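Computed over heavy atoms, backbone and side chain alike; hydrogens, waters and symmetry mates excluded. Convention: sequence-line order gives letters A, B, ...; per-chain numbering from 1. Predicted model only: the values in this text are computed from it and were never measured.
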Amino acid sequence: MTESLKGAKPSRRQFLTGAAAAGAGAVAAGATAAAGGDPMIEQVQDWAQATGEGVDATPYGLPIEFEGDVVRRNVEWLTADTISSINFTPIHALDGTITPQGCAFERHHSGAIELKKEDYRLMINGLVDTPLVFTYADLERFPRENHVYFCECAANTGMEWAGAQLNGAQFTHGMIHNMEYSGVPLRTLLEEAGLGAAGDLKDKWIYVEGADASGNGRSIPMEKALDDVFVAFKANGEALRKEHGYPVRLVVPGWEGNLWIKWLRRIEVTSQPVQSREETSKYTDTLADGTSRKWTWVMDAKSVVTSPSPQAPITHGTGPLVITGLAWSGRGAITGVDVSVDGGKTWQEARLGAPGTDKALTRFYLDTEWRGEEMFLQSRARDSSGYVQPSKAELREVRGLNSIYHNNCIQTWWVRPNGEAENVEVS
Amino acid sequence: MSKFLKLAAGVALVSTLIAAPVRAEKYGLGRAATPEEIAAWDLDVSPDGTGLPEGRGDVFTGEELFADTCAVCHGDFAEGVGNWPKLAGGQDTLDHEDPVKTVGSYWPYLSTVWDYVNRSMPFGNAQSLTPDEVYAIVAYILYSNDLVDDSFELSNENFLDVEMPNADGFIIDDRETAEAHFWKAAPCMSGCKDSVEITMRAAVLDVTPEESAAAAPAVATQGDMEAAGVEEAAVGVPDPEMVAKGEKVFKKCKACHQVGDGAMNRTGPVLTGIVGASVGAVDGFRYSKPMQALAESGAVWSDEELAAFLARPKTYLKGTRMSFAGLKKDADIAAVLEYLRSQQ
């Protein structure tokens with residue numbers, strides 16, 4: 001991706017009008033029974049009379065057509081070409097915490113390649129006792145583990161540094177997914193090759209690279225490599241999708257998505273970081289004085305209200321309202337999420353869908369009563385290290401305006417009396 | 001504070017991990033990698049020159065290579081075309097609004113440039129350059145940033161002598177100290193601010209993509225082919241099997257070319273209807289001078305001409321901007337032509 005994260009091309013959005021129109025009908029149906037009865041109940045409908053589809057109509061099932069708008073979306077002006085680009089998970093339309101693979105965001109540097117298991121090789125070389133080559137079948141014979149982790153692109157929310165820009169949680173916060181991975185701890189593979197040759201491990205690194213034409217490679221300190229990094233070949237119970245690195249990708253819990261090498265083909269134990277393109281010219285953070293932070297691997301605690309939000313307006317009128325969203329931290333587990341409906345003057349603690357777990361998405365809910373008033377919706381995540389998600393002003397105070405990556409600021413949605421929501425910045 | 005407890009715990013964890021004994025028994029899985037295999041894949045180059053092969057290349061040679069293989073995206077003077085990266089310029093902009101980050105203004109290590117050009121470029125034809133060509137292109141990029149003069153030759157011998165302007169421009173992640181105040185014992189719950197005013201609205205800027213139905217499938221459907229009608233029949237209905245094969249081959253072209261509904265000119269021109277079309281006639285595409293000359297001669301992309309071009313683009317048309325090396329197999333060329341024919 002290039003660094004031109006400020007958009008210029010105007011476009012019109014029509015979906016809001018459609019949603020609002022659908023909402024009006026829903027309000028009427030919700031209040032009292034329609035005059036003349038509800039035909040959905042009082043008339044025999046086709047689906048209650050004729051038969052439906054048989055088994056095997058779709059050997060691998062897809063979402064029903066009515067959910068056809070719950071898809072990944074691209075922001076065309078962001079990048080020169082979709083082959084080296086990113087799209088966004090429709091987080092505004094999902095619930096729970098697990099992201100289905102089919103709508104989990106994609107980020108390619110040289111396009112999604114097709115690599116068969118039979119053609120797959122993983123090499124471990126460098127400062128190891130015996131450089132090794134594994135086939136895919138070899139990997140499946142090591143003891144396996146299952147873990148749920150979020151993967152967030154460091155550029156998630158990057159377009160919002162200079163100001164409110166994209167109107168939807170999918171676009172502001174959708175460079176994230178959360179899956180249950182099955183695979184082998186990297187530590188197991190490194191020990192199979194033998195780390196005796198590396199000597200003192202404290203100042204050693206690994207360099208990991210993929211098999212695609214971009215040759216995307218990153219350096220990772222040995223401490224992290226031996227901690228919780230693992231080599232995954234299944235996600236949410238099934239094979240990884242092509243776009244997520246089939247047949248094997250690296251999982252680097254809590255750290256920026258660029259390190260999660262797809263189509264993983266080589267792990268080299270080194271005495272120094274390689275200083276590849278992706279860890280120098282990109283994925284570094286330029287401060288106001290022109291110096292830049294490097295090795296900003298950890299994703300800080302962050303959260304966003306996914307509904308209501310610009311793509312998910314309130315369509316049911318006043319009364320009970322479920323405010324919900326997602327929270328996560330690369331430094332540990334989410335311990336709590338606070339929600340504000342008044343732009344941060346007052347906060348109330350949200351209910352967590354389930355207790356937060358290490359470096360994984362946590363769902364939160366605030367079950368409330370909406371009287372049709374204007375709201376400035378915000379959420380604020382807290383994690384097990386004691387970190388509290390900062391406001392955009394607090395971040396800018398330290399980092400200036402020229403950052404691209406690691407924008408974990410508090411997001412504001414302005415919900416108006418008609419239920420529509422807009423991405424805004426507030427004082 | 002809890003943050004520091006966590007940090008201490010983190011350090012303890014690391015020590016434990018590093019100190020844990022290496023497991024004595026192995027699973028005996030995998031096989032030894034041969035030196036040749038390691039040499040084939042272990043190509044990365046580090047700042048101290050580790051991994052750098054012998055070789056040399058000068059600015060003049062680099063300029064020609066750059067014009068042929070890089071300029072289509074990065075511009076003749078490495079200034080960048082459209083959204084593609086700028087490689088030159090931007091000196092002294094890092095502390096300004098919207099800094100321009102180029103090899104000259106931002107990249108701290110020359111090894112990174114060599115490594116990236118060698119392994120990842122040119123886009124769509126990676127790992128096709130010889131070491132001498134990489135040295136030459138890197139020399140030209142240095143020249144385009146005013147870091148060397150036009151008689152400069154870069155080699156493995158003088159590689160470490162080149163000074164990068166922003167070499168000292170980086171600090172290691174200091175969030176845990178510079179942002180220590182984000183670790184808060186008791187975040188504010190009420191009376192946190194007096195007033196809340198909107199300071200910026202996304203709707204004013206309005207750069208959000210419209211929500212519309214999913215994109216049309218890239219492959220022409222049976223219906224589309226039937227709808228193509230009489231003219232199509234005259235040249236023969238595309239063989240669906242060949243079309244499918246050709247679509248796979250076309251993946252090699254997709255880095256630069258789009259085809260079908262909604263296709264737009266990218267690095268290369270739209271190829272919808274290219275079979276049988278006049279050369280150099282796609283609206284809005286900036287062709288190379290040799291391609292313009294061929295167009296003015298009235299040339300047409302017949303099957304034979306396209307096949308010859310695709311086999312060896314640079315031999316067929318010296319000076320073409322298409323950096324693709326060519327399709328080696330005749331069967332692949334035939335298949336991709338069949339696919340392109342289906343995209344009228």
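- Heavy atoms of A:D289 lying under 4.5 Å from chain B belong exclusively to its backbone.
- Only the side chain of A:V398 comes within contact range of chain B, judged by heavy atoms closer than 4.5 Å.
- Residues B:S46 and A:Q272 approach most closely at CB-NE2, 3.4 Å, considering heavy atoms.
- With rounding to the nearest 0.5 Å, the separation of CD1 in B:I38 from CZ in A:R266 is 9.0 Å.
- Only the side chain of A:E268 comes within contact range of chain B, with heavy atoms under 4.5 Å apart.
- Contact count against chain A (heavy-atom pairs under 4.5 Å) is highest for B:P47 among B:A126, B:P47, B:G82.
- Interface remark: B:F182 contributes backbone and side-chain atoms alike to the contact with chain A (heavy atom separation under 4.5 Å).
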(message) Let's go through B:C192 and A:K345 carefully: what are the C-alpha distance in whole Å and the side-chain angles of both, what is the deciding distance for side-chain contact (heavy atoms from CB on, under 4.5 Å) to 0.1 Å, and is it a yes or a no?
(response) CA-CA 5 Å; B:C192 306; A:K345 288 184 199 167; 5.7 Å; no

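- Residue B:G30 comes nearest to A:F134 through the heavy atom pair CA-CD2, 3.6 Å, listed as atom of the first residue, atom of the second, then distance.
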Worked verdict on A:E397 versus B:E179 for side-chain contact (heavy atoms from CB on, under 4.5 Å):
CA-CA 10 Å; A:E397 201 180 4; B:E179 296 172 8; over 6 Å; no

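- Contact annotation for A:R141: both backbone and side-chain heavy atoms come within less than 4.5 Å of a heavy atom of chain B.
- Distance check: B:T199 OG1 to A:E425 CD gives 5.0 Å after rounding to the nearest 0.5 Å.
- Contact tally against chain B (heavy-atom pairs below 4.5 Å) for A:R380, A:E349, A:E114: the top residue is A:R380.
- From A:W295, atom CH2 reaches atom CD1 of B:I171 across 12.0 Å, with rounding to the nearest 0.5 Å.
- Contacts of A:W414 with chain B are made by side-chain atoms alone, with heavy-atom separations under 4.5 Å and no backbone atom involved.
- With values rounded to the nearest 0.5 angstrom, A:L139 atom CG is found 9.0 Å from B:L29 atom CG.
- Heavy-atom proximity under 4.5 angstrom to chain A picks out nothing from residues 86-93 of chain B.
- For the pair A:E192 (side chain) and B:Y27 (backbone), a donor-acceptor distance under 3.5 Å is present.
- At least one donor-acceptor pair closer than 3.5 Å links the side chain of B:N83 to the backbone N or O of A:W77.
- At a 4.5 Å heavy-atom cutoff, the contact between B:P187 and chain A is made by backbone and side-chain atoms alike.
- Proximity to chain B (any heavy atom under 4.5 Å) is shown, for A:A213, by both the backbone and the side chain.
- Using modelled atom types, one side-chain atom of B:R175 and one backbone atom of A:V298 make a donor-acceptor pair closer than 3.5 Å.
- Using modelled atom types and a 3.5 Å distance limit, the side chains of A:S385 and B:W183 yield a donor-acceptor pair.
- Ranked by heavy-atom pairs shorter than 4.5 Å toward chain B, the options A:T296, A:T291, A:D138, A:N423 are led by A:T296.
- Using a 4.5 Å cut-off between heavy atoms, B:E197 touches chain A through backbone and side chain atoms alike.
- Both the backbone and the side chain of A:Q275 come within contact range of chain B, each with at least one heavy atom under 4.5 Å from a heavy atom of that chain.
- Residue contact with chain A, scored on non-hydrogen atoms closer than 4.5 Å, is absent for B:V113.
- With rounding to the nearest 0.5 Å, the separation of OG in A:S276 from CG in B:D44 is 9.0 Å.
- Side chain of A:S292 to backbone of B:F170: no donor-acceptor contact under 3.5 angstrom is found.
- Here the closest heavy-atom approach between residue B:A178 and residue A:R293 is recorded as CB-NH2, 3.7 Å.
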Check the pair B:R31, A:L132 against side-chain contact (heavy atoms from CB on, under 4.5 Å), reporting the backbone distance first and the verdict last. CA-CA 5 Å; B:R31 61 167 177 82; A:L132 292 177; 5.9 Å; no

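- In this structure, B:S120 contributes its side chain and A:S214 its backbone to a donor-acceptor pair below 3.5 Å.
- A:D212 does not touch chain B: none of its heavy atoms, backbone or side chain, sits under 4.5 Å away.
- For the pair B:K26 (side chain) and A:A193 (backbone), a donor-acceptor distance under 3.5 Å is absent.
- When the candidates B:C188, B:P108, B:G191 are compared by the number of heavy-atom contacts under 4.5 Å with chain A, B:C188 comes out ahead.
- With a 4.5 Å cut-off on non-hydrogen atoms, A:L395 touches chain B through its backbone and its side chain both.
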- Item | A:D338/B:M189 under side-chain contact (heavy atoms from CB on, under 4.5 Å): CA gap, chis, key distance, verdict | CA-CA 8 Å; A:D338 306 314; B:M189 295 302 283; 3.8 Å; yes

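- With B:W41 as the aromatic partner, A:R265 meets the cation-pi criteria of under 6.0 angstrom to the ring centre and within 45 degrees of the ring axis.
- In this model, a donor atom of one side chain and an acceptor atom of the other lie less than 3.5 Å apart for B:K101 and A:T286.
- Using a 4.5 Å cut-off between heavy atoms, B:D168 makes no contact with chain A at all.
- Heavy atoms closer than 4.5 Å to chain B are found nowhere in A:Q389, neither backbone nor side chain.
- Side-chain contact of A:N402 with B:E97: a donor-acceptor pair under 3.5 Å is absent, judged by distance alone.
- Residue B:M121: no heavy atom, backbone or side chain, is found under 4.5 Å from chain A.
- We find the CZ-CZ distance between B:R119 and A:R277 to be 12.0 Å, quoted to the nearest 0.5 Å.
- Interface remark: of the candidates B:N166, B:I172, B:T34, B:I172 forms the most heavy-atom pairs closer than 4.5 Å to chain A.
- At a 4.5 Å heavy-atom cutoff, B:Q258 makes no contact with chain A through either its backbone or its side chain.
- With chain A as the partner, the residue from B:D194, B:L94, B:N125 showing the most heavy-atom pairs under 4.5 Å is B:L94.
- At a cut-off of 3.5 Å, with distance as the only test, a side-chain donor of B:Y106 or A:T284 sits close to an acceptor on the other residue.
- Counting heavy-atom pairs closer than 4.5 Å to chain B, the top-ranked of the candidates A:G217, A:A301, A:P390 is A:P390.
- In summary, B:E37 and A:R121 do not engage in a salt bridge, as defined by a charged side-chain N under 4.0 Å from a carboxylate O.
- Counting heavy-atom pairs under 4.5 Å between each of B:D48, B:L43, B:T50 and chain A puts B:D48 at the top.
- For chain B, the nearby part of A:Q348 is the backbone; its heavy atoms alone come within less than 4.5 Å.
- The environment of NZ in B:K248 is sparse: at most 12 heavy-atom neighbours from other residues, nucleotides or ligands sit within 6.0 Å.
- Using a 4.5 Å cut-off between heavy atoms, B:H181 contacts chain A through its side chain alone, with no backbone atom that close.
- For the set A:S427, A:G290, A:P143, A:G344, the count of heavy-atom pairs under 4.5 angstrom toward chain B peaks at A:S427.
- When all heavy atoms of A:T130 and B:A32 are compared, the closest pair comes out as CG2-CB, 4.3 Å.
- Heavy-atom pairs under 4.5 Å with chain B were tallied for A:V274, A:T135, A:T412; the largest tally goes to A:V274.
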